[in-house]
Amino acid sequence: MEITKDIKYVGVNDHQVDLFESQYKVPSGMSYNSYIIDGGEKTLVMDTTDSHFVSEWLDNIASVMQGKAPDYLVVQHMEPDHSSGIFAFMEKYPEAVIVSSMKAFQMMKNFFGVDWSERRIVVKEGDTLTVGSHTLAFVGAPMVHWPEVIVTYDKTEQALFTADGFGKFGALDVEEAWDDEARRYYIGIVGKYGQMVQCLLKKAGTLDISMILPLHGPVLKENLGHYISLYDKWSSYTPEEDAVTVAYTSVYGHTREAVNYLVEKLKEKNVKTEVFDLARSDMSQAVASAFKNSKLVMATTTYNGEIFPFMREFVDHLTERNYQKRKVGLIENGSWCPMAVKFITGKMEKSKDIEWVGKATLLSALSDSSRSELDALAEALAK
């Protein structure tokens, strides 16, 4: 696939994978992106692929190169879905040189038992490489989302190769909107490292960028301000929408009844809601919704002196991704000793800028008292 006259796509689509990183459902598959930059005198391959597709990836390279051998392989990120083809590439093209960060070469030693010390160029922030008619500048991007990551700016094409940044779930041969699956990917994979992404965005802000080429998902050529704006919001933990995510667990249906009551009250007040039964919903979608929206309600049953397991998992996902800057309400249920509010607030005591807007307590089932508390919670959320 031709991206520009000199940049060609040689990545692969994966429709075999059911769980990306063994946890994220990917019904539309995944893409593992790799690119060739043909500078005339010199040619460069940008990143490799997943272990299941090395042969297909090498065939794609050979088809584009038409008998020529690439001069360089740039490795921006060592996660195995992007680096598993390194060894086979270096065997097939014995004159090629690897270009990467020092930390990446240390990881190559770990993964492959060799770091190609005689066939490598170690680059760091500010270094450049001339590839025929193209000049590449390397930018450090540590912890976006591994410590060795670099991104690459092709000055000639004004093209920014962003490693896992600006990636999304889904293969390239599937038509779907970018925002939702890119958000789910970002929150799940990179969400913990918002400060590092903010640093990278500031560096990118000094560049003239005509296209963004990630390692997952489509090449972005139009409306770049939209994508960059979303990344700025996601990485600064700023809500996208004034809406309420309602995440709940219910054993026998009484907590669900309380959730339904609250949601109806919010609808009466024209408040947008997104509701997730955590035992049955895709957890990553529920987590992404909590980051998208400005307000969150968690409703759960006291269970073994704590909270129901799916809610505990949900709270863990939030806190380990630095959930912050949100208004949060709680609904707890317990037949003799409700503990959910105490447990959740304790788990989230280090979360920044959380405003607790109210709570409702059920003693086994809905009552006039708990309905009154839910009315007050709806009022607080609607403000």
Side-chain angles (χ1 to χ4, degrees), residues 1-13 28 30-38 44-49 74-77 79 81-82 125 128-129 131 134-146 149-191 193-194 196-236 240:
M1 178 172 65
E2 183 173 283
I3 296 169
T4 70
K5 182 176 69 71
D6 291 348
I7 301 178
K8 307 296 193 301
Y9 181 85
V10 290
V12 299
N13 288 313
S28 297
M30 286 298 294
S31 68
Y32 310 121
N33 298 344
S34 176
Y35 309 92
I36 286 178
I37 299 176
D38 185 353
L44 175 148
V45 176
M46 187 72 68
D47 293 293
T48 78
T49 192
V74 170
V75 176
Q76 299 183 113
H77 183 21
E79 201 166 7
D81 55 328
H82 306 300
E125 175 94 27
T128 60
L129 176 70
V131 183
H134 290 252
T135 299
L136 306 183
F138 299 99
V139 179
M143 299 316 300
V144 184
H145 63 121
W146 279 22
V149 174
I150 55 174
V151 301
T152 308
Y153 180 62
D154 183 341
K155 295 182 178 181
T156 307
E157 298 275 12
Q158 295 182 325
L160 185 64
F161 297 83
T162 53
D164 273 349
F166 294 92
K168 67 174 285 292
F169 294 127
L172 297 189
D173 55 2
V174 176
E175 291 281 342
E176 62 183 0
W178 188 88
D179 292 11
D180 287 346
E181 285 299 80
R183 181 190 304 106
R184 189 166 71 93
Y185 175 88
Y186 174 86
I187 298 301
I189 307 296
V190 192
Y193 306 108
M196 291 74 170
V197 176
Q198 282 283 299
C199 290
L200 180 58
L201 289 175
K202 289 178 182 177
K203 295 175 185 179
T206 67
L207 305 173
D208 291 324
I209 301 172
S210 63
M211 69 184 83
I212 295 172
L213 299 93
L215 289 181
H216 296 295
V219 173
L220 306 175
K221 290 185 175 182
E222 299 177 354
N223 200 17
L224 295 185
H226 170 73
Y227 306 114
I228 293 171
S229 174
L230 282 178
Y231 249 67
D232 184 44
K233 288 180 179 179
W234 297 342
S235 57
S236 62
E240 294 174 60

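A distance of 9.5 Å separates CG of D232 from NZ of K202, quoted to the nearest 0.5 Å. Note that the CG atom of L224 and the OG atom of S229 stand 12.0 Å from one another [nearest 0.5 Å]. The CG atom of L230 sits 11.5 Å away from atom OH of Y186, with the distance rounded to the nearest 0.5 Å.
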With a 3.5 Å cut-off and sequence neighbours excluded, list the donor-acceptor pairs that the side chains of residues 209-220 form with protein atoms.
unit_1 : atom_1 : unit_2 : atom_2 : d
S210   : OG     : E157   : O      : 2.9
S210   : OG     : Q158   : O      : 3.0
H216   : ND1    : S31    : O      : 2.6
H216   : NE2    : D81    : OD2    : 3.0
H216   : NE2    : H82    : NE2    : 3.1

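A donor-acceptor distance shorter than 3.5 angstrom exists from the side chain of S34 to the backbone of D47, with no hydrogens or angles considered. Although no hydrogens or angles enter the test, the distance criterion places a donor-acceptor pair under 3.5 Å between the side chain of Y153 and the main chain of D208. Checking side-chain atoms of K203 against main-chain N and O of G140 turns up a donor-acceptor pair under 3.5 Å.
Using modelled atom types, one finds a donor on one side chain and an acceptor on the other under 3.5 Å when comparing D164 with H145. Side chains of S28 and E176: a donor-acceptor N/O pair is present below 3.5 angstrom, by distance only.
Between V12 and T49 the shortest heavy-atom distance is CG2-OG1, 3.4 Å. When every heavy atom of K168 is checked against every heavy atom of A177, the shortest pair comes out as CE-O, 4.0 Å. Listed here is the closest heavy atom pair of H77 and A163: CB-CB, 4.4 Å.
Within the 4.5 Å cutoff, the side chain of W234 has heavy atoms near those of the E240 side chain. Contact check for D179 versus H226: side-chain heavy atoms found under the 4.5 Å cut-off. Between W178 and N223, the closest side-chain pair of non-hydrogen atoms is not below 4.5 Å. Counting only heavy atoms from C-beta outward, the side chains of Y231 and L200 never approach each other to under 4.5 Å. The closest side-chain heavy-atom distance from Y35 to K8 is not below 4.5 Å. Considering only heavy atoms from C-beta on, L44 stays 4.5 Å or farther from H134 through its side chain. The shortest distance between side-chain heavy atoms of L172 and Y9 falls below 4.5 Å.
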### Task
Run the numbers on M46 and I7 for side-chain contact (heavy atoms from CB on, under 4.5 Å), then give the verdict.
CA-CA 10 Å; M46 187 72 68; I7 301 178; over 6 Å; no
### Task
Quick one: do F138 and E125 satisfy side-chain contact (heavy atoms from CB on, under 4.5 Å)? Show the steps, please.
CA-CA 6 Å; F138 299 99; E125 175 94 27; over 6 Å; no
### Message
Quick one, Y227 with F166, criterion ring pair (Phe, Tyr, Trp, His ring centres under 6.0 Å). Give me CA distance, side-chain angles, the key distance, then yes/no.
### Response
CA-CA 8 Å; Y227 306 114; F166 294 92; 7.7 Å; no
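For E222, the CD atom sits in a loose shell: 12 or fewer heavy atoms of surrounding residues, nucleotides or ligands are nearer than 6.0 Å. Shown here is K221, whose NZ atom has more than 12 heavy atoms of other residues, nucleotides or ligands within 6.0 Å.
The only member of D6, L160, L136 that meets side-chain contact (heavy atoms from CB on, under 4.5 Å) when paired with D154 is L136.
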